[in-house]
Amino acid sequence: MMTPATDAREQRVWDALAEIADPEIPAISVVDLGVIGSVSVDAERVRVEVLPTFVGCPAVDVIRSQIAQRLGELNVAPGVEVAVTFSPPWTSERITPAGRERLRLSGFAPPVTAPAGIGDGLDELAVLPLAECPYCGSRNTTLENPFGPTLCRAIYHCADCRQPFEQMKRV
Amino acid sequence: MSEAPAATLDAPAREALAELLLSVADDEFVIGFWDSEWTGIAPMLEEDVATSSIAQDEIGHARALYEMLATLTDGDADRIAYGRDADGFRHAALLNHARGDWAFSVARRYLYETADAVRLAALARSSDEPLAALSTKMRREETYHLQHADTWLRRLSEGASEGRERLVGALGRLWPDAQDVFAPLAAEEELVRSGLLAEPMRALHAEWQARVRPVLEPIVGELPALTPSLDGRTRRNDDFRWLHGELTAVYRSEEGATW
């Protein structure tokens, strides 16, 4: 059962995590990116579960060690455990509204949200070649390449402001 | 890295799960290395990016599966990946072949991605919760690979005569070995009994056939009815022996080193 004391300690952990930037897109924190699956604190240890955006994401090891280091300094419990799990799977719906706005401000289109009923189940992903230009807001954009400079990004071009841009991929 | 597979599994089930994990991991690992060979030499810049990204995904999937296997068998993921002889690999014969030309790579990628999609759908229903969760996640990423393979298959088949001829030749050559993604596993009875594998390989093979024949036969004509062979995951050839030498070179240069 959660006591007010553990509750306060968990809040301190969440606050600390909110200051850890994603190594590949530093404008967004790991909390806003939705990669923190859970936080728990007991007398022995603090445990954080990390959900990789992509299974092969090379930034996961960096995120893990940054979290371990930060929570070590925080001193909320004697032990720190940072686990990686795929349950539940990270999906682009986990990015917070604040996170989507931060992506946009740093020149990344956030992933499109699927219309209800279209590939929104965990076992069916509809690839939607849609993105809103982060510079001018136009939807008059074309998918240049569903694969980009990192596993989680796709490359688009805006026909209105003629700017190439990247989208954080819907997955 | 991943969670431990269910500790409740008895010894035969653990052994069966280990065989299943190794077969899927080796498939992803080997095709990932062949894909990575296109980095810098693909027919266009966008395809350099695409094949490199797909290769990174596949090797990432292999890593997660090898880590799951290492947890299950109290082993080491790097040692499993890089410390085995070529004959110790259990990937399907389809993945033995060198990358060939672009049409050959497109043909193999289409055959493999469609087979992998059928298999992943079954693995996502595995009774082993961590494997089911990982497979669910992998399926969402593989959607992009499938779309890529499908786009290129259509592009070459609808294009000028040379591309189409090369594609048809490659599909014909690879068709027999493609069956072996569904080669029976030694512990298959146990896998199906315990629900670790939701359906037997022969059922998945039939499902795959029903999916690809309507797409491929208008391009290549009638394809022979073949069954996966018993040695479909143990046959090795010189192409793979060469690749194995390449991909293990760094590991062998200083075994046990921390990089």
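Proteins come first, then strands; the chains are lettered A, B, ... in the order of their sequence lines, and each starts at number 1.
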- Item | Residue A:S92 versus chain B: region with a heavy atom under 4.5 Å | neither
- Measure from NZ or CZ of B:R84 to the centre of the six-membered ring of B:F89 and say whether it is under 6.0 Å with the direction within 45° of the ring axis. yes
- Task: Could you walk me through whether B:D26 and B:Y66 pass the side-chain hydrogen bond (donor to acceptor under 3.5 Å, both in side chains) test, one step at a time?
- Result: CA-CA 9 Å; B:D26 281 352; B:Y66 285 137; 2.5 Å; yes
- Options B:E141, B:E58, B:Q56, ranked by heavy-atom pairs under 4.5 Å with chain A, top entry: B:E141
- Is the closest basic N to carboxylate O distance between B:R139 and B:E142 below 4.0 Å? no
- Among A:L151, A:V50, A:L51, A:T150, residue most engaged with chain B (heavy-atom pairs, under 4.5 Å): A:L151
- Item | A:Y135 ring center near A:F165 ring center (under 6.0 Å) | no
- Message: Please classify the contact between B:A124 and chain A as side chain, backbone, both or neither, with a heavy-atom cut-off of under 4.5 Å.
- Response: neither
